[in-house]
Amino acid sequence: MSDPRGVAQAVILVGGQGTRMRPLTDTMPKPMLPLLGLPFVERQVQHLARAGVRRIVFSCGYRPREIEEYFGDGSSRGLEMGYVVDPEPLGTAGAIANAESLLDGDGDVFVLNGDILTDLDLGALVAHHLALGAEATIALTPVEDPSAFGLVRTDPDGRVTEFVEKPGADELIPGEPYRINAGTYVLAPSARAAIPHGEQVSIERDTFPLLAARGGVGALGSGCYWRDIGTPQSYLDAHLDVLAGRVGFITPPGASWVADDAHVDPSAVIGDGASVGPGARVGAGATVGRCVIAGGARVGDGATVDGAVLGRDVVVGPGAQVTGLVVAGDGATVPDGMVLEGPATVATGSVASA
Ligand code: GTP
């Protein structure tokens, strides 16, 4: 990785409600959902620390306590960590403004959406930012179909010329690379000063267009790994990607992962792409395929789970068959012998009904 030349502080946006991840986010903020035994946001912290970041401010809103209790003041990781909590949802830019009091006001800062898994070269992003003398620099990622995203257009020097939110077919230029905002930025003090305090402001819709109009926004594309883990399918896919070794900075534990203190009966089959969390139990003759099983969950004797995301302490009864994208909140139960095909959701603490 290139030298990040002095960007030693970061804000991670972790305040969203994670509505698309319900019911998993009923009981835990999305950035704290585990990815192979570690909270997702811990992976981001590791990535930042490797790039030379020493101070991280978590910009919280929904369920802030879980995050602060887990990381504390950061000293056990050799980092400084601080927390701000939106008094009300402030939007992505308002939340950055709210974090300013804990930042070195003279320095540039990395800003990360707390739901992006990427092995982006942060040093290269900073180098581009400095070479352009930009106020803000956005990491871009390629997509095949930009219609659900915000398309970012640049000039040949890598300076943003246009943002097109959810472009229709008539707004696309044949042959152009479709690149979208990857949720990772470098912001100079002047960019942060452009955000009004105490108001709901979106960095994507309000701040970046304002700064781009004065030529202040750079953007850098790359072919790095990138995934927004904001939906259950994408969260499951992130596990599969890590297990397949596609995420540069995470060494896969193997084709599947079973936590050290999980108990898997010797007659059970754990397939490639399975993640079985701490304290989970998989019974005799059970089959576990590509799925995420959180800590404390139980898969009964002879049951099958494949394609599902099961929260903490979920119970799948003996002989049950759970296939496809079944998302079960913490403490949910799939009764003995039930056949449950996704897509389906089982609410937190409830019993699935056929
Ligand atoms: P959905 O409700 O499913 O759209 O998820 P979300 O609430 O996480 O929203 P989204 O995925 O658009 O947010 C992107 C990132 O910004 C996530 O890491 C959120 O935690 C964070 N975020 C979004 N809105 C706010 C906000 O108002 N305040 C703070 N502090 N963070 C926010």
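Whatever order the structure lists them in is the order used to number ligands and atoms, beginning at 1.
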Would V316 and V264 show up in the same hydrophobic cluster when neighbours are defined by side-chain heavy atoms closer than 4.5 Å?
yes
Is P31 touching ligand 1 with its side chain, its backbone, both, or neither, if touching means heavy atoms under 4.0 Å apart?
neither
To which protein heavy atom is atom 31 (N) of ligand 1 closest, and what is the distance rounded to 0.1 Å?
G15 N, 3.1 Å
Quick check for you: to the nearest 0.5 Å, what is the distance between T137 atom OG1 and L187 atom CG?
8.5 Å
Under the criterion side-chain contact (heavy atoms from CB on, under 4.5 Å), I'd like the reasoning laid out for V160 against F208: C-alpha separation, chi angles, the key distance, then a yes or no.
CA-CA 9 Å; V160 173; F208 286 148; over 6 Å; no
Students should be able to answer this: which protein heavy-atom is nearest to atom 13 (O) of ligand 1, and at what distance?
D115 OD2, 4.2 Å
Cluster link L117 to I56, ILVMFWY, side chain under 4.5 Å
yes
If you have a sec, work out which protein heavy atom is nearest atom 2 (O) of ligand 1 and how many Å separate them, to one decimal?
T19 OG1, 2.6 Å
Among all protein heavy atoms, pick the one closest to atom 16 (O) of ligand 1 and tell me residue, atom and distance.
L13 CB, 3.8 Å
Which heavy atom of the protein is the closest neighbour of atom 4 (O) of ligand 1, given with residue, atom name and distance?
R20 NE, 3.2 Å
For residues D104 and R55, report the shortest heavy-atom separation together with the two atoms involved.
N-NH1, 3.5 Å
Minimum heavy-atom separation for E100 and H197, please, with both atom names.
CB-CE1, 4.3 Å
Short N or O distance, K30 and ligand 1, threshold 3.5 Å exclusive:
yes
Does the pair E42/R77 count as a salt bridge with the N-to-O cut at 4.0 Å?
yes
Could you tell me whether G18 and ligand 1 have an N or O pair separated by under 3.5 Å?
yes
Taking distance alone, with no angle check, do A95 and ligand 1 share an N/O pair under 3.5 Å?
no
For ligand 1, which atoms, with element, lie under 4.0 Å from some heavy atom of V14?
20 (O)
For the aromatic rings, using the six-membered ring if either is Trp, is the centroid distance between Y83 and F71 under 6.0 Å?
no
Closest protein heavy atom to atom 28 (N) of ligand 1, given as residue, atom name and distance to 0.1 Å:
D86 OD2, 2.6 Å
Got the closest protein heavy atom to atom 20 (O) of ligand 1, with its distance?
G16 N, 2.8 Å
Atom 27 (O) of ligand 1 has as its nearest protein heavy atom G91 N, 2.9 Å
Under the salt bridge (charged side-chain N to carboxylate O under 4.0 Å, His left out) criterion, do E66 and R63 qualify, and how do the steps go?
CA-CA 6 Å; E66 278 96 339; R63 301 184 75 98; 2.8 Å; yes
Sub-3.5 Å N/O-N/O distance, P89 and ligand 1
no
